[in-house]
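In what follows, a single structure is set out as C-alpha cells and then discussed.
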Amino acid sequence: MLHTKAHIKRLISRALEKLVSQNILPESALEREIHIGEPKFKDHGDLSTSLCLQMAKEARSNPRQLAQRLVDAMELPDSMLASVEIAGPGFINFRLSDKALHDGLRRIVRAGDGWGRFESRGVKVNLEFVSANPTGPLHIGHGRGAAVGDALARIMRAAGYDVTTEYYLNDAGRQVRLLTESLWARYTEVVREQYPEIEVAALPEDGYQGAYVTDMARDFARQYGPDMARSGSPDRDLLRAFALRWATDMIMSTLSDMNVKFDVVYSEKKLHDDGKVAHALSVLRERGLLYEQDGAVYFRSTEFGDEKDRVVIRSTGEHTYFASDIAYHLDKLERGFDVLIDIWGADHHGYVPRVKAALEALGHDPDRFQVLLVQFVSLVRAGEKVSMGKRSGNFVTLQDLMDTVGGDVARWFFISKTHDVALDFDLEKGMSEDPRENPARYAQYGHARAASILRRWSEDLGRSLPDPDGVDLSRLELPEEQELIKMMMRLPEVVKSSAEKRNPHVVAAYLVDMVRLFQSYYTQYKNDPVLPRASSDPASWNWAKSEARIVWVNAFRTVTRNALTLLGLPAPDYMKAPENESDETPNEKN
RNA sequence: GGGCGUAUAGCUCAGUUGGAUAGAGCGUCGGCCUCCGGAGCCGAAGGCCGCAGGUUCGAAUCCUGCUACGCCCA
C-alpha cells in the first residue's frame with residue numbers, strides 16, 4: 001500500500017504544481033505534506049486524503065471547490081485507480097482498480113519472505129533489554145521486557161535498522177559477592193550430608209534464600225567434590241565464576257524457551273577491567289563536572305536537567321552502579337551505535353534523566369538515548385492479585401509461567417498489548433486451558449489452514465504452485481478476497497509504523513485482523529471452495545478460479561508467516577487439536 | 001508535595017499521528033458442520049471515549065485544570 005500511496009501522492013503533487021503555476025494556489029501549497037489515509041468506511045473508498053480541508057484557508061477557497069479543482073488538474077484516468085470522488089466536507093476518496101490489487105498481489109508473491117522488509121537505512125541501533133542481575137531466576141516482568149525487546153529487534157531489522165541486541169551482565173557488584181557467599185554456605189550444607197563433622201558456613205544476612213542456590217551447590221559439589229568444604233577455606237574466585245556461569249546459563253535457558261537470544265552479552269566486570277569506567281570518569285573530571293563531598297565523588301548532573309547531583313564513587317572508594325552505567329552507555333556510542341534503546345521496568349523511570357544528563361555531559365546528543373519503560377505485570381489468581389515479592393513465598397518465575405502456558409503463548413501475551421499499560425496475567429483462566437481464547441494460536445491456526453490448502457493442492461491434486469504472472473487474477477471476484485489483498489499490501493507500512501513507534505503490538509494487532517479476514521472468508525464460502533471437492537467432476541471444475549485463489553492463499557500464508565516471524569513466533573504448517581492434547585504446546589518449525 | 005504512566009462496551013484492550021457514522025476479543029443472547037482443518041464463522045444487545053474548560057472547518061486524539069488508579073522520588 002506504500003507503493004500505491006506514493007503513486008497517489010505523485011498524482012496530487014503534480015496537480016498542485018499545475019495549480020500553483022496557474023496562480024490558483026499559493027507557493028506554500030507545495031510545502032505541505034500530503035497524507036493519504038485509509039477511511040474507516042468502505043463506501044468512502046480504499047484511500048483518502050483530507051488535504052483540501054487543511055489547505056482551504058490558505059487557498060482562500062472552500063474545501064469542496066478546492067477538491068474539485070485539484071481533481072480536475074490530476075492526470076486521469078489512471079490505471080491504478082477505479083474512481084476518484086469528492087465527498088463530505090471536501091475529502092478526496094480513491095478506489096483502487098483491479099490492476100492495482102493484482103499488481104499488489106503479484107508483488108507480495110514475488111517478494112515472498114522479503115515482503116515487509118526494507119532496504120538498510122544505515123542506522124546502527126543498540127537495543128539493550130532484560131539485563132537482570134545474574135543472581136537468580138527471571139521474574140515475569142523480565143519476561144515482558146524480553147518479549148518486547150526481542151520482537152522489537154526483529155521488527156526494526158525488517159524496517160531497515162542495523163540492530164544489535166545486548167544483555168548487560170552485572171557481574172561485578174555486591175550482589176554477585178553475596179551470591180558467592182550464599183553458594184559457599186549451601187555447598188557446605190550439601191557436603192555435610194556426607195560428612196557430618198564439617199562446619200556449615202552461615203548464609204549471609206542479605207544472602208540469597210532461594211532453593212535454586214542449593215541446586216547450584218549440588219552441581220558445584222558434583223563437579224568439584226567435597227574437599228573445599230571440608231577444608232573450610234572457600235576458593236572465592238572459583239565459587240564466583242561457577243555461580244555466575246550457573247545463574248547466567250539458567251537465565252539464558254529460560255529466555256531461549258521464549259525464543260529470545262542476544263547478539264552480545266556485555267560484562268560489567270570487563271567494563272571495569274578494560275578501564276572504561278575510569279575513562280568515563282576522567283572525561284567528566286576534565287570537564288570539571290565532578291566534585292568531592294563527605295568523602296564521596298559526585299557528578300554535577302543538575303547542570304544537565306537532573307533534579308540532584310549523583311554519587312559516582314562512594315566514600316568507601318567503590319564505584320556506584322551509575323558510574324558503570326555512564327561508562328557502559330558511553331562505550332556503546334564509542335562502538336559506533338547511532339541510537340541506543342534501553343528497555344527498563346517502569347519503576348526505573350527516575351533513572352532516565354541522569355543517564356541522559358551523563359551522555360550530554362560527555363558531549364553527546366541525549367536524544368540518541370531512548371528508554372522504553374515497560375509497565376508492571378501482575379499475576380491474578382481467583383480474581384485476586386498474587387503478591388510476587390521474593391520473600392512472600394509465592395514468587396512465580398518466568399520459567400514457571402512458561403512451563404504452565406508455553407513459551408510462545410507467554411510471548412504473545414507480553415507483546416500483544418502496548419508496553420505502557422500494566423498487564424494482569426490471570427493464572428486461573430490460564431491461557432493454556434482454553435486455547436480458543438488465545439490469539440497467538442488463532443493466528444497460527446490461520447497459517448496452518450492456508451498451509452493445508454496448499455498441501456492438498458500439491459500433494460493430493462499433484463499440481464505445482466502457479467506462476468502469478470500467468471494466472472488470471474480477475475477470477476478473484478469476492479469482496480473478501482479483495483479486502484484481504486489490501487490488508488496484505490499493508491504489511492510494509494505496519495512494519496515501518498511499529499518500528500517508529502518502538503511498539504511491537506502494532507504488528508500483533510495487524511496480524512489478528514488479517515487472519516480474521518481469512519477465517520471469515522473460509523467459513524462463509526465453504527460451498528465455493530478453493531479446491532475441487534472429491535465428489536465433483538474434474539472436467540467441469542473451474543481450474544482458472546482455483547489457480548487464482550491458490551496464488552491468493554499462498555500470498556496470505558506468506559504474509560502471515562512473515563508477521564509471525566517478526567514477532568518471534570513459529571508459523572506451523574500443522575496444528576494438533578487441543579482436545580487430544582493436554583497442555584502440550586505445538587512448536588513445529590515450518 | 002514533585003515526576004512518569006494510565007483512564008474508551010460488563011471484562012481485557014485497539015483506534016493508522018487532528019478527519020466522515022466509535023472498533024475488536026472475551027462474556028451474554030440467537031444462528032451455522034454431507035463441505036479445502038469448527039482451535040472456526042454469521043448476527044444481536046452493549047458507549048456521556050474519567051470530569052470541566054480551551055484550541056478550529058473538525059477532538060477519543062492537541063493544550064489547561066481537576067478526579068481516580070499504578071509506579072518512582074521526597
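Each chain gets a letter, A, B and so on, in the order the sequences are listed, and its residues count up from 1.
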Is the distance between the ring centroids of A/Trp552 and A/Tyr521 less than 6.0 Å?
yes
Could A/Arg455 and A/Tyr574 be counted as a cation-pi pair, given that NZ or CZ must be under 6.0 Å from the ring centre and within 45° of the axis?
yes
Against the six-membered ring of A/Phe518, is A/Arg449 placed for a cation-pi contact (under 6.0 Å from the centre, within 45° of the normal)?
no
Main-chain N/O of A/Ala448 paired with A/Ser452 side-chain donor or acceptor, under 3.5 Å
no
Under 3.5 Å, is there a donor-acceptor pair between the side chain of A/Asp342 and the main chain of A/Val371?
no
Euclidean distance for [atom1], [N] against [M] (whole angstrom):
N      : M      : atom1 : value
B/rC51 : B/rC57 : C1'   : 27 Å
B/rG38 : B/rA45 : C1'   : 25 Å
B/rC73 : B/rC11 : C1'   : 34 Å
B/rG10 : B/rG1  : C1'   : 37 Å
B/rC29 : B/rG46 : C1'   : 11 Å
B/rU8  : B/rA24 : C1'   : 13 Å
B/rA22 : B/rG50 : P     : 15 Å
B/rG65 : B/rG23 : P     : 32 Å

I'd like to check the salt bridge (charged side-chain N to carboxylate O under 4.0 Å, His left out) partners of [X]; sequence neighbours left out, ordered by chain and number.
X        : answer
A/Arg300 : none
A/Arg411 : A/Asp150
A/Glu547 : none

Syn within 90° of 0, anti beyond: B/rC33 is syn
Is B/rU17 in the syn range, within 90° of 0, or in the anti range?
syn
Would you please confirm or rule out a distance under 4.0 Å between OP1 or OP2 of B/rC36 and any side-chain N or O of A/Tyr521?
no
Below 4.0 Å: OP1/OP2 of B/rG37 and any side-chain N or O of A/Ser452
yes
Looking at every strand, decide which applies to A/Lys417 at a 4.0 Å heavy-atom threshold: base, sugar-phosphate, or nothing.
sugar-phosphate
What are the two closest non-hydrogen atoms of A/Pro439 and A/Val512, and how far apart are they?
CB-CG2, 4.2 Å
For A/Tyr321 versus A/Gln175, what's the shortest heavy-atom pair and its separation?
OH-CG, 3.7 Å
Give, ordered by number, those residues of [range] having at least one heavy-atom distance below 4.0 Å to an atom of RNA chain B; if nothing qualifies, reply none.
range                       : answer
residues 61-69 of chain A   : none
residues 496-520 of chain A : A/Lys501, A/His505, A/Arg516, A/Gln519, A/Ser520
residues 41-52 of chain A   : A/Phe41, A/Asp43, A/His44, A/Ser48, A/Ser50

Mind jotting down which residue pairs meet the salt bridge (Lys or Arg N to Asp or Glu O under 4.0 Å) criterion with at least one end in residues 50-70 of chain A? Sequence neighbours excluded, please.
A/Arg32-A/Glu58
Check ion pair [X]-[Y] (N to O, under 4.0 angstrom):
X        : Y        : value
A/Arg490 : A/Asp513 : no
A/Arg549 : A/Glu481 : yes
A/Asp528 : A/Lys545 : yes

Given the rule in the ring pair (Phe, Tyr, Trp, His ring centres under 6.0 Å) test, do A/Phe91 and A/His44 qualify, once you have shown the distances and angles that lead to the verdict?
CA-CA 9 Å; A/Phe91 293 96; A/His44 295 154; 7.5 Å; no
Does the side chain of A/Gln519 come under 3.5 Å of the side chain of A/Arg516 through a donor N or O and an acceptor N or O?
no
Under 3.5 Å, is there a donor-acceptor pair linking the side chains of A/Ser546 and A/Trp541?
yes
Protein N or O to nucleotides 54-62 of chain B N or O, pairs below 3.5 Å:
residue: B/rC57; atom: OP1; partner: A/Lys57; partner atom: NZ; Å: 2.8

State which residues pass side chain to side chain contact (heavy atoms under 4.5 Å, CB included) with A/Ser83; sequence neighbours excluded, sorted by chain then number.
A/Glu85, A/Arg95
Quick test of the criterion, 5.5 Å between centres and less than 30° between planes. Is A/Tyr522 stacked on B/rG40 or not?
no
For A/Lys5 and A/Asn527, find the nucleotide of RNA chain B closest to each by heavy atoms; which residue's nucleotide sits nearer the 5' end?
A/Lys5
Side-chain atoms of A/Thr523 come closest, of B/rG19, B/rC41, B/rC36, to B/rC41
Classify every nucleotide of nucleotides 68-74 of chain B by which part a protein heavy atom approaches to under 4.0 Å, writing B for the base, S for the sugar-phosphate alone and - for neither, in 5'-to-3' order.
---BSSS
In a check of side chain to side chain contact (heavy atoms under 4.5 Å, CB included) between A/Leu47 and each of A/Ile36, A/Asn93, A/Leu81, which one passes?
A/Ile36
The criterion is ring pair (Phe, Tyr, Trp, His ring centres under 6.0 Å); which residues satisfy it with A/His419, sequence neighbours excluded?
none
Expressed as a whole number of angstroms, how long is the span from A/Tyr442:OH to B/rG25:P?
8 Å
Dot-bracket encoding per residue of RNA chain B, Watson-Crick/G-U cut-off under 3.5 Å, | denoting interstrand
(((((((..((((.....[...)))).(((((.......))))).....(((((..]....)))))))))))).
